[in-house]
Amino acid sequence: GAVVSQHPSRVICKSGTSVKIECRSLDFQATTMFWYRQFPKQSLMLMATSNEGSKATYEQGVEKDKFLINHASLTLSTLTVTSAHPEDSSFYICSARDLGASSGYTFGSGTRLTVV
Amino acid sequence: GENVEQHPSTLSVQEGDSAVIKCTYSDSASNYFPWYKQELGKGPQLIIDIRSNVGEKKDQRIAVTLNKTAKHFSLHITETQPEDSAVYFCAATSSGGYQKVTFGIGTKLQVIP
């Protein structure tokens with residue numbers, strides 16, 4: 001089945017720095033990927049829809065200048081958390097869909113971000 | 001937009017018993033309903049899905065039922081095992097193209113040995 005690779009799995013950064021998270025679709029192309037944020041013991045909250053070659057679409061309440069999304073190729077989307085603060089600490093997950101296989105959405109393994 | 005409600009939020013069963021998780025959705029345009037299993041510190045994994053043209057689907061110990069008229073769908077796990085312990089999410093979306101997926105709040109299933 002479709003595989004989505006997400007890196008890093010864990011990252012600790014200092015307040016004020018930026019962190020980049022990568023999401024790659026393996027063996028399939030994805031013109032659209034999704035980025036989610038998950039707080040402890042809660043469901044997945046959609047942050048933005050990443051579109052290859054164009055601007056991402058952000059959900060209401062998500063700061064686009066805070067969470068920069070780049071989808072420069074058909075297999076790679078990146079989420080950059082800029083000027084990170086402790087409240088940005090969370091579990092970030094990406095997902096993609098292999099339309100060619102008529103499959104459902106596959107999720108990455110997630111990234112645990114801790115801002116100290 | 002779509003709204004998915006899921007219950008119970010927590011569920012404890014004895015090993016070998018069955019577990020049932022129920023969800024409802026609001027948007028009649030939704031036609032694809034996946035179920036995900038999430039273990040601690042990992043991303044959700046698709047365990048089974050069902051499309052609106054089917055009423056029931058089974059894969060070994062896991063089955064999903066869909067009542068399109070009532071907008072209900074349920075996950076049934078039989079002969080539960082300790083390794084089934086995880087958080088389960090139901091979701092609803094449309095099967096065409098790239099559509100947003102709306103998730104339920106999740107059910108924490110604990111299988112007691």
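Keep in mind that what you see is a predicted model, and the values were worked out from it rather than measured. Proteins come first, then strands; the chains are lettered A, B, ... in the order of their sequence lines, and each starts at number 1.
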Could you go step by step and tell me if V101(B) and Y36(A) meet the side-chain contact (heavy atoms from CB on, under 4.5 Å) rule? CA-CA 11 Å; V101(B) 179; Y36(A) 295 84; 3.8 Å; yes
Are L46(B) and V54(B) linked, directly or through other ILVMFWY residues, by side chains that come within less than 4.5 angstrom of each other? no
Whatever's closer than 4.5 Å to a heavy atom in chain A on Q6(B) counts as neither
Can you tell me which portion of Q6(A) sits under 4.5 Å from chain B's heavy atoms? Options are side chain, backbone, both or neither. neither
Toward chain B, the part of S95(A) with a non-hydrogen atom under 4.5 Å: neither
P44(B) versus chain A, heavy atoms under 4.5 Å apart: side chain, backbone, both or neither? both
Would the number of heavy atoms belonging to other residues, nucleotides or ligands and lying under 6.0 Å from CZ of R10(A) be above 12? no
Check whether L44(A) and Y32(B) end up in the same hydrophobic cluster, where Ile, Leu, Val, Met, Phe, Trp and Tyr are linked by side-chain heavy atoms less than 4.5 Å apart. yes
For Q99(B) and F34(A) the tightest heavy-atom approach is O-CZ, 3.8 Å
Please check if the number of heavy atoms outside K55(A) that lie under 6.0 Å from its NZ is greater than 12. no
Pair I93(A), K42(B) - check side-chain contact (heavy atoms from CB on, under 4.5 Å), show working. CA-CA 9 Å; I93(A) 313 169; K42(B) 298 183 180 180; over 6 Å; no
Give a yes or no on whether E15(B) atom CD has more than 12 heavy-atom contacts from other residues, nucleotides or ligands under 6.0 Å away. yes
Return the option, out of E59(A), K41(A), R112(A), with the maximum number of heavy-atom pairs under 4.5 Å with chain B. E59(A)
Hey, is the main chain of G104(B) close enough, under 3.5 Å, to the side chain of S43(A) for a donor-acceptor pair? yes
If two hydrophobic side chains count as joined below 4.5 Å and joins carry through other members, does I77(B) share a cluster with V87(B)? no
Side chains of I105(B) and Q42(A), heavy atoms from C-beta outward: is any pair under 4.5 Å? no
Do I21(A) and L76(A) belong together in a cluster built from hydrophobic side chains that touch within less than 4.5 Å? no
How about Y105(A) and F103(B): are their ring centres within less than 6.0 Å of each other? no
Shared hydrophobic cluster, I47(B) / V20(B) (ILVMFWY, side-chain heavy atoms < 4.5 Å): no
